[in-house]
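Whatever order the structure lists them in is the order used to number ligands and atoms, beginning at 1.
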Amino acid sequence: MAKKVRNTTTRAVRGAKHVYFFGNGKAEGGRAMRDTLGGKGAGLAEMTNAGLPVPPGFTISTAVCSAFYKQKGKLAPAVDAEIAVNLKKLEKAAGATLGSATNPLLVSVRSGAKFSMPGMMDTILNLGLNDAAVEGLKARTSNGRFAFDSYRRFMQMFGSVVLEIPKETFEHEFSAVKRAKGVTLDTGLDEEALREVVLRYKQVVRARSGRDFPQEPREQLTMARDAVFRSWMNPRAQEYRRIYEIPDHIGTAVNVQMMVFGNSGDRSATGVGFTRNPATGAKEFYGEFLVNAQGEDVVAGIRTPQPIAELQKVMPKAYKQLKEITTRLERTYKDIQDFEFTIQDDRLFMLQTRNGKRTGYAAVKIATDFVAEGLISPKEAILQIDPESLSQLLAPGFDPKEWNAIPVATRGLAASPGAASGQVVFSAEDAVRWSDAGKAVVLVRRETVPDDIRGMFVSQGILTATGGMTSHAAVVGRQMGKPSIVGAAELEVDEGLKQFSVKGQTVREGDFVSFDGLTGEVKLAKVASKPSEILQVVAGDLSPKKSDIYRRFSQVLLWADKYRRMEVRANADQPDQAEMAFAFGAHGIGLCRTEHMFFGEGRIPIVQRMILADNEADRRAALQELLPLQRKDFYGIFKAMRGQPVTIRTIDPPLHEFLPKREDLMVEIAKLGGNLATGPSFERKLALLRRVEQLHEFNPMLGHRGVRLGITYPEITEMQTRAIMEAACQLAKEGIKVMPEIMIPLVGHVRELRDQKAVVDRVAAAVMKEAGVRVKYLVGTMIEVPRGAMTADQIAGEAEFFSFGTNDLTQMTYGFSRDDIGKFLRVYQDKKILDKDPFTTLDVEGVGFMVRTAVELGRRTRPNLKVGVCGEHGGDPSSIHFFERVGLNYVSCSPYRVPVARLAAAQAALAVKVGD
Ligand code: ADP
Ligand code: MG
Ligand code: MG
């Protein structure tokens with residue numbers, strides 16, 4: 001391992017290749033080289049090799065980015081030399097020279113990491129222009145307007161990205177000239193006006209950066225390259241990587257590419273599109289373009305772009321070619337493509353292609369369509385769908401009756417499906433603040449900028465006044481599965497005053513808004529949502545025949561089941577949850593928390609009586625009352641699971657959790673005492689308080705809980721065993737199969753388990769004798785105390801199964817309290833001490849080591865030991881990959897996560913097979 005690392009470092013400094021050329025129908029890279037070239041560079045290389053019209057250029061590898069950071073912004077002379085060689089090559093291919101006053105080469109300098117991060121990093125267009133070259137460009141094209149439009153664009157982008165002068169400073173000057181000329185659209189400015197803009201920009205640069213705008217193109221190129229590398233570490237890119245779990249160390253590549261011009265007149269255009277609808281998955285050519293414009297205009301939402309169908313009318317030849325090319329790309333990549341193109345004087349150029357981001361809904365539709373079209377196999381289909389995205393399909397919609405009763409306030413573009421309802425906020429910071437305070441918010445913006453990403457993440461939905469289907473808000477919304485509507489042009493948003501108006505009505509911060517991201521309708525009211533189509537089918541309220549998406553969804557999961565090795569169980573405490581779990585395809589219950597039953601209707605007083613009892617007889621009396629209630633619950637759960645295993649955990653939490661809070665009691669007692677009231681109510685409260693004080697613990701998570709309760713109050717374990725076994729025997733008599741697995745929590749020493757197992761076995765034998773039937777049951781334990789994991793070989797001598805309680809195991813291995821980690825987790829992540837929340841994604845190195853060791857030790861004693869996991873991690877796809885590798889028999893998660901886990905387990909099994 002260490003050897004490998006050293007090799008790559010030496011390679012990066014010496015000899016190795018850092019720059020990859022593409023052009024003239026041949027590229028040095030290809031689509032398999034995303035690690036080195038980034039997604040964009042690999043796509044450009046691939047398209048070049050396929051003979052598609054791609055402007056020539058070269059890619060500076062991601063390794064150079066890493067070196068850039070390691071060497072504090074300095075690069076080895078060898079890298080510069082390689083760039084110079086490739087630049088020569090590019091000039092030759094382009095037939096133009098960087099900085100030439102007669103025939104200038106212009107290039108774009110584009111960021112592009114392995115994983116696409118839309119809009120998070122920087123790109124600079126029209127580089128190479130200076131006062132001489134702009135005249136050369138004008139002379140060559142006989143188009144002064146175009147030449148100066150390109151120059152002002154370049155200065156603006158270079159000025160803001162490289163020289164770090166605020167964008168608004170340039171926009172201010174640009175608007176001033178537009179106002180003076182009396183035009184509203186950028187395209188309304190003529191050459192003379194654009195010369196004026198350039199002059200003003202030069203003044204801005206001098207005033208703000210203390211130097212003249214750099215005129216030397218090679219210096220421009222070096223500065224732009226370094227700025228793109230720097231943009232890898234800008235705060236929004238870091239935030240994006242944190243949300244999508246993209247590692248920091250992989251870096252971005254830089255693509256330097258000959259410019260083609262969508263802004264050279266009315267026979268030119270620029271656009272973006274998808275081979276299928278990324279919101280619904282429908283098989284339709286989908287996209288937008290702008291005539292006489294350059295790249296960023298389409299996504300920036302300054303001018304509203306036209307739908308791509310219009311392109312067929314205005315430039316039919318280019319349209320036809322674009323459609324053919326992108327259809328071919330879809331077949332090559334076997335996935336929906338998200339592409340960028342530019343048309344220069346009726347000639348089409350491809351500038352980018354990548355696998356398109358899509359909603360969960362579209363992911364399922366597209367994958368099943370691809371299989372039906374024979375493009376991919378079912379196995380490829382299950383590898384193509386992000387398991388996490390399946391949970392989007394279970395997200396609620398509005399109740400049609402309630403929704404239809406409210407008038408539509410306005411409509412926008414349906415950018416990402418789903419129902420959103422909440423209180424309006426107008427900035428990303430407010431969205432974060434309000435949602436931290438427990439409120440459901442809808443983020444309303446004129447347009448969103450990449451910096452809004454955190455606010456978008458915490459909102460119920462995103463609503464913008466400008467922008468098209470491919471604008472930032474739309475792309476990010478779809479990817480997050482956030483309901484989004486963009487381009488709701490009737491909204492007049494005033495972010496400063498924190499209000500918007502629509503058709504004469506004013507909506508202020510905190511007012512309620514609801515919208516449907518599938519239809520684009522916005523309503524000014526709070527609307528309750530209703531279950532998704534899939535949940536309706538699962539609940540039996542809708543026939544599967546009537547739901548296309550349900551049939552596709554279950555098809556995908558059936559395919560997944562073929563490749564899955566691990567079973568998927570559900571954590572369910574009540575019969576209705578068990579029914580849901582079964583309907584989602586869970587093979588049993590991995591965790592039934594009996595104490596949740598204690599909180600049921602009318603039960604808490606009985607539980608309290610049990611706790612308050614100061615002698616065994618009183619305690620037994622209270623337990624006797626709980627027995628029939630628990631038995632009824634178990635009966636329902638066993639029945640719902642139709643003979644599949646059900647793991648029932650005996651009581652786990654510290655007893656004080658069932659009693660009122662100490663502070664509340666003291667206040668009530670003080671009140672009663674003040675009224676000089678004595679009487680039974682006062683006495684009862686006093687007794688409660690005394691017991692609460694006795695039970696008060698300094699660190700309740702390490703306190704008198706789990707197996708420790710069963711050992712000190714064996715009658716509780718007795719009652720629970722009796723309830724379980726009586727329910728099981730009852731069902732057995734009714735001819736229904738049952739498989740109870742009784743699980744003792746928090747065991748750290750084998751003797752703890754031995755003690756409780758004796759109680760369970762004794763009571764079970766008695767119950768079966770009384771009932772006159774035999775039921776096969778298992779007794780096992782949770783492994784959640786580090787000592788339990790480290791002595792798993794001894795514990796397996798008693799336990800017939802293990803279930804990892806990875807929440808407690810994480811808590812005790814790290815010494816982090818799950819309830820308090822929120823206070824410092826952000827700081828830990830910002831300082832790169834932790835990448836992920838260890839309570840969400842298993843810490844493989846530490847806690848995972850415990851798991852792996854316990855599995856090995858346990859199976860040494862009992863080779864056929866059944867092992868599962870029932871912590872939150874059981875539903876987390878990347879943790880599931882780890883559980884597959886260490887050979888668990890099953891994962892257990894919440895019923896709603898069961899589909900996610902089924903798919904993730906199949907992907908994990910396939911990944912392990914291909915060699916992991
Ligand atoms: P992002 O990753 O943010 O999409 P890109 O590097 O793809 O950034 O550049 C954004 C847009 O700039 C492209 O969609 C394209 O329209 C335009 N662009 C980039 N390179 C060129 C080029 N060589 N010629 C013309 N337009 C370009
Ligand atoms: Mg792009
Ligand atoms: Mg636990």
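Every atom of ligand 1 with a heavy atom of T270 under 4.0 Å away is listed here by number and element: 16 (O). Atom numbering of ligand 1 starts at 1 in the shown order; those under 4.0 Å from a heavy atom of L125 are 12 (O), 17 (C), 18 (N), 19 (C), 20 (N), 27 (C).
Within the structure, every pair that satisfies the ring pair (Phe, Tyr, Trp, His ring centres under 6.0 Å) test and touches residues 329-356, not counting sequence neighbours, is listed here: F285-F339. Residue pairs meeting the ring pair (Phe, Tyr, Trp, His ring centres under 6.0 Å) criterion with at least one member in residues 124-150, sequence neighbours excluded, are F146-F261. Among residues at least two apart or in separate chains, side chain to side chain donor-acceptor pair (under 3.5 Å) pairs with a member in residues 52-66 are T59-N255.
Taking the six-membered ring where tryptophan is involved, the planes of Y201 and F174 are tilted, since the angle between them lies from 30° to 60°. Ring-plane geometry between Y240 and Y244 is classed as tilted, the angle between the planes lying from 30 to 60 degrees on a 0 to 90 degree scale.
Using a 4.0 Å cut-off between charged side-chain N and carboxylate O, R195 and E191 make a salt bridge. A salt bridge links D122 with R236: the distance from a Lys NZ or Arg NE/NH1/NH2 to an Asp or Glu carboxylate oxygen falls below 4.0 Å. In this structure, D35 pairs ionically with K114, as a charged nitrogen and a carboxylate oxygen lie closer than 4.0 Å. D346 and K317 are not joined by a salt bridge, as no carboxylate oxygen comes within less than 4.0 angstrom of a charged side-chain nitrogen.
Scanning the protein heavy atoms around atom 27 (C) of ligand 1, the nearest turns out to be L351 CD1, 3.5 Å. Shortest contact from atom 3 (O) of ligand 1 to any protein heavy atom: G119 N, 4.0 Å. Distance from atom 13 (C) of ligand 1 to its nearest protein heavy atom, with residue and atom name: E340 OE1, 3.2 Å. At the shortest separation from atom 16 (O) of ligand 1 among protein heavy atoms lies G295 CA, 2.9 Å.
Taking any N or O of R110, backbone or side chain, at least one lies under 3.5 Å from an N or O belonging to ligand 1. Between S111 and ligand 1, no N or O atom pair is found at a separation short of 3.5 Å. Checked against a 3.5 angstrom limit, the closest N/O atoms of M258 and ligand 1 fall inside it. Residue contacts with ligand 1: V260 is placed with a nitrogen or oxygen under 3.5 Å of a nitrogen or oxygen of the ligand (distance criterion only).
For the residue pair N355 and Q337, a side-chain donor N or O sits within less than 3.5 Å of a side-chain acceptor on the partner. The closest side-chain donor-acceptor pair between Q352 and R110 falls under 3.5 angstrom.
Exactly one residue among R358, R354, R276 makes a side chain to side chain donor-acceptor pair (under 3.5 Å) with D335. That residue is R358.
Enclosure of atom CG in D266 is not indicated, since only 12 or fewer non-hydrogen atoms of other residues, nucleotides or ligands lie within 6.0 angstrom.
Only the side chain of Q352 comes within 4.0 Å of ligand 1, counting heavy atoms alone; its backbone N, CA, C and O stay farther away. Under 4.0 angstrom from ligand 1, there are no non-hydrogen atoms of V107. The side chain of S108, and not its backbone, has at least one atom closer than 4.0 Å to an atom of ligand 1 (non-hydrogen atoms only; side chain from C-beta on).
At least one heavy atom of K40 lies less than 4.0 angstrom from ligand 1.
Residue nearest to atom 8 (O) of ligand 1, selected from N255, I124, T123: T123 (by heavy-atom distance).
Neighbouring protein atoms of the Mg ion (ligand 2) (N, O or S, distance under 2.8 Å, waters ignored): E340 OE1, E340 OE2, Q352 OE1.
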